[in-house]
Amino acid sequence: AAGVIQSPRHLIKEKRETATLKCYPIPRHDTVYWYQQGPGQDPQFLISFYEKMQSDKGSIPDRFSAQQFSDYHSELNMSSLELGDSALYFCASSLRELNTEAFFGQGTRLTVV
Amino acid sequence: KQEVTQIPAALSVPEGENLVLNCSFTDSAIYNLQWFRQDPGKGLTSLLLIQSSQREQTSGRLNASLDKSSGRSTLYIAASQPGDSATYLCAVSPLPLNTGGFKTIFGAGTRLFVKA
């Protein structure tokens, strides 16, 4: 069965650069969530989208923005990168109906040097 | 504000032992609860999902229970194996928002090491 696909799997950027992470949800899933997991930390919710509209917002820095496109894939844009942005970024998707669960991708490991 | 706590933070057991991981949450108004496994530097693997109306779920050697009223869940692992060594994360999803979105709130995890 198809899972949530994230790309790239690994990314190395320098401070003040920009990074774009992509997430391709499970087919037919209409909701996408982004999480950030710092070293030794539990995943923290950043932002979610339902039907291409932002549905909830967590602890996402103003330097970050995200959107969901017409094919339901989502991109997380991160500008003016800081060393503290180094983390594992997870995307999850779900189908908005009762009893759905969120399926997580394998994550993108971002290292800012 | 929903908070998820996992005890113990770390656990080391000999192979073959049965063990219990604990998870507690402060707000009983949840949509579902999931247990995940995470290997070092890797992604999240969903192990079990318990809907708010359910009391337990089983998959192979794993059994997860949910007591919503007391805000507790346990993950029982039978006959542990070295391959079970990983971090186990408990996560709850609050009731969906009117906008249709809901987010998963994670505990800090229990790091399990099963000795051969």
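Side-chain atoms are counted along with the backbone in the values below, which use heavy atoms only and exclude waters and symmetry mates. Within every chain, numbering begins at 1; the chains are lettered A, B, ... in the order of the sequence lines, protein sequences first and strands thereafter.
- For B:A108 against A:D42, the heavy-atom pair with the smallest separation is CA-CB, 3.8 Å.
- Summarising the geometry of B:Q38 relative to A:F90, their closest heavy-atom pair is NE2-CZ, 3.5 Å, with the distance given to 0.1 Å.
- Put simply, A:L95 and A:V32 are part of two different groups of oily side chains (I, L, V, M, F, W, Y) that touch within less than 4.5 Å, one to the next.
- Summarising the geometry, atom OG1 belonging to B:T104 is positioned 4.5 Å from atom CZ belonging to A:F104; distances are rounded to the nearest 0.5 Å.
- Ranked by heavy-atom pairs under 4.5 Å with chain B, the list A:Q44, A:Q6, A:R109, A:Q41 is led by A:R109.
- Within 6.0 Å of the CZ atom in A:R63, the count of heavy atoms belonging to other residues, nucleotides or ligands exceeds 12.
- Taking CD1 of B:I105 as the reference point, atom OH of A:Y35 lies at 8.5 Å (rounded to 0.5 Å).
- Residues B:Y76 and B:W35 fall into different hydrophobic clusters, defined by Ile, Leu, Val, Met, Phe, Trp and Tyr side chains chained together at heavy-atom separations under 4.5 Å.
- When the side chains of ILVMFWY residues are joined at heavy-atom separations under 4.5 Å, either directly or via intervening members, A:Y89 and A:I47 end up in a single hydrophobic cluster.
- A distance of 8.0 Å separates CG in B:L44 from CD in A:Q106, rounded to the nearest 0.5 Å.
- Within a 6.0 Å sphere centred on CG of A:D71, heavy atoms belonging to other residues, nucleotides or ligands number more than 12.
- By the neighbour-count criterion of 12 heavy atoms within 6.0 Å, atom NZ of A:K13 is densely surrounded, having more than that number from other residues, nucleotides or ligands.
- Residues A:F45 and B:F106 place their aromatic rings such that the two centres sit no closer than 6.0 Å.
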